[in-house]
Amino acid sequence: MKLARPFFEQKTLTVARELLGCFLIRRLGRGMMRAQIIETEAYGGLKDKASHAHRGRTKRNEVMFGSAGRAYVYLIYGKYYCFNVVTEKKSSPAAVLVRGVKIDGQKIIGPGRVCRALSINAGLNNLDLLNHHELWLERGALVRPKIKKMPRVGIDYAEEYKNKLWRFLLAD
DNA sequence: TATTTGATTCTT
DNA sequence: AGAATCAAATAT
């Protein structure tokens, strides 16, 4: 079942937790890929010094200021793409980064690797995941999975926000 | 206009 | 431990 708007409008930490076990579906021509989300990170609001939205609206991050349920895709280090899902109401810029998935039983760890595996690039930035036939999200199992919390990766500059346990993983 | 940077990954 | 690589953010 496709995830709907109210799901994405929840608090970012809630969405980050509840996306674990859900499926990211990618359709490419005749082919279809089904990726189970196994690792996420929350990037919340204007205060979070690790968030792209921390210093206000820019060309890159403007999607985070839009409606929940859209894709925020950006290029990092000139080489890799990162895929995020926008959360919360329009006035509250926030997103959840998908850091790891499982496709056909194979773990793909790292946001750049996830995008490479699913052919996600900047052309998909700002697409509405609720109303799209090439990329969308579906609910996982109804039972609550066991979840691990950890500090986020690659944000040493984020001062008092760098040790927040806003990284979530499915416990194996 | 010029310089720096980065929610990473791969090679040495 | 260091390099790759570039669009966008920040500094000038």
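Just so it is clear: chains get the letters A, B, ... in the order the sequence lines come, proteins before strands, and each one is counted from 1. Here the structure is a predicted model, which is why all the values come from computation and not from measurement.
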A.B. asks: Hey, which sits more toward the 5' end of DNA chain B by its nearest nucleotide, R116(A) or R60(A)?
C.D. replies: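 Between the two, 5'-proximity favours R60(A).
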A.B. asks: So what does K79(A) hit on the nucleic acid, given a heavy-atom distance under 4.0 Å: a base, only sugar-phosphate, or nothing?
C.D. replies: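 Base contact.
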A.B. asks: How is L97(A) classified with respect to the nucleic acid when contacts are heavy atoms under 4.0 Å: base, sugar-phosphate, or nothing?
C.D. replies: base
A.B. asks: Are side-chain heavy atoms of L124(A) and R26(A) found at a separation under 4.5 Å?
C.D. replies: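 Contact flag for L124(A)/R26(A) side chains = yes.
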A.B. asks: Please state the P separation for the pair dT11(B) and dA7(C) - nearest whole angstrom.
C.D. replies: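 To the nearest whole Å, 23 Å.
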A.B. asks: Taking the basic N atoms (NZ, or NE/NH1/NH2) and the acidic carboxylate oxygens, is any pair closer than 4.0 Å for R152(A) and E41(A)?
C.D. replies: no
A.B. asks: To the nearest Å, how far apart are N121(A) CG and dA7(C) P?
C.D. replies: 14 Å
A.B. asks: Please report the distance separating the P of dT12(C) from the corresponding atom of dG6(B), rounded so that it comes out in whole Å.
C.D. replies: 15 Å
A.B. asks: Using every non-hydrogen atom in the two residues, find where Y72(A) and R60(A) come nearest and quote the distance to one decimal.
C.D. replies: CE1-O, 3.3 Å
A.B. asks: Under 3.5 Å, is there a donor-acceptor pair between the Q10(A) and T14(A) side chains?
C.D. replies: no
A.B. asks: Closest approach of T40(A) and A16(A), non-hydrogen atoms and distance?
C.D. replies: OG1-O, 2.8 Å
A.B. asks: For the residue pair T12(A) and V96(A), establish whether any side-chain heavy-atom pair is separated by less than 4.5 Å.
C.D. replies: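 Result yes, sub-4.5 Å side-chain heavy-atom pair found.
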A.B. asks: Which whole-number value in Å describes the distance from I109(A) CD1 to dT8(B) C1'?
C.D. replies: 14 Å
A.B. asks: Roughly, in whole Å, what's the span from OH in Y77(A) to P in dC6(C)?
C.D. replies: 16 Å
A.B. asks: What does R152(A) touch in the nucleic acid at a heavy-atom separation under 4.0 angstrom: a base, only the sugar-phosphate, or nothing?
C.D. replies: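 No contact.
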A.B. asks: Are R113(A) and dC10(B) close enough that a side-chain N or O sits under 4.0 Å from OP1 or OP2?
C.D. replies: yes
A.B. asks: Once you round it to whole Å, what is the distance between P of dG6(B) and NE2 of H52(A)?
C.D. replies: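 So the two atoms are 9 Å apart, to the nearest Å.
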A.B. asks: Using a 5.5 Å cut-off between ring centres and planes within 30 degrees, is Y80(A) stacked on the base of dT8(B)?
C.D. replies: no
A.B. asks: Taking Watson-Crick and G-U wobble pairs with both distances under 3.5 Å, convert DNA chain B into its dot-bracket string, 5' to 3', dots for unpaired and | for cross-strand pairs.
C.D. replies: ||||||.||||.
A.B. asks: Can you tell me the distance, in whole Å, between the OH atom of Y161(A) and the P atom of dA7(B)?
C.D. replies: 17 Å
A.B. asks: Would the number of heavy atoms belonging to other residues, nucleotides or ligands and lying under 6.0 Å from NZ of K2(A) be above 12?
C.D. replies: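 Yes, because the 6.0 Å sphere around NZ of K2(A) holds more than 12 heavy atoms from other groups.
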A.B. asks: With rounding to the closest Å, how many angstrom separate the C1' atoms on dA7(B) and dA11(C)?
C.D. replies: 23 Å
A.B. asks: Check this one for me: any side-chain N or O of T58(A) less than 4.0 Å away from OP1 or OP2 of dA8(C)?
C.D. replies: no
A.B. asks: At their closest point, which heavy atom of L130(A) faces which heavy atom of R5(A), and how far apart are they?
C.D. replies: CD2-N, 3.1 Å
A.B. asks: In whole angstrom, what separates K59(A)'s NZ from dT10(C)'s P?
C.D. replies: 14 Å
A.B. asks: Can you measure I76(A) atom CD1 to dA8(C) atom C1' for me and round it to whole angstrom units?
C.D. replies: 10 Å
A.B. asks: Just call it for R167(A): base, sugar-phosphate, or nothing, with non-hydrogen atoms closer than 4.0 Å on any strand.
C.D. replies: nothing
A.B. asks: Rounded to whole Å, how long is the line connecting atom OH of Y81(A) with atom P of dT8(B)?
C.D. replies: 16 Å
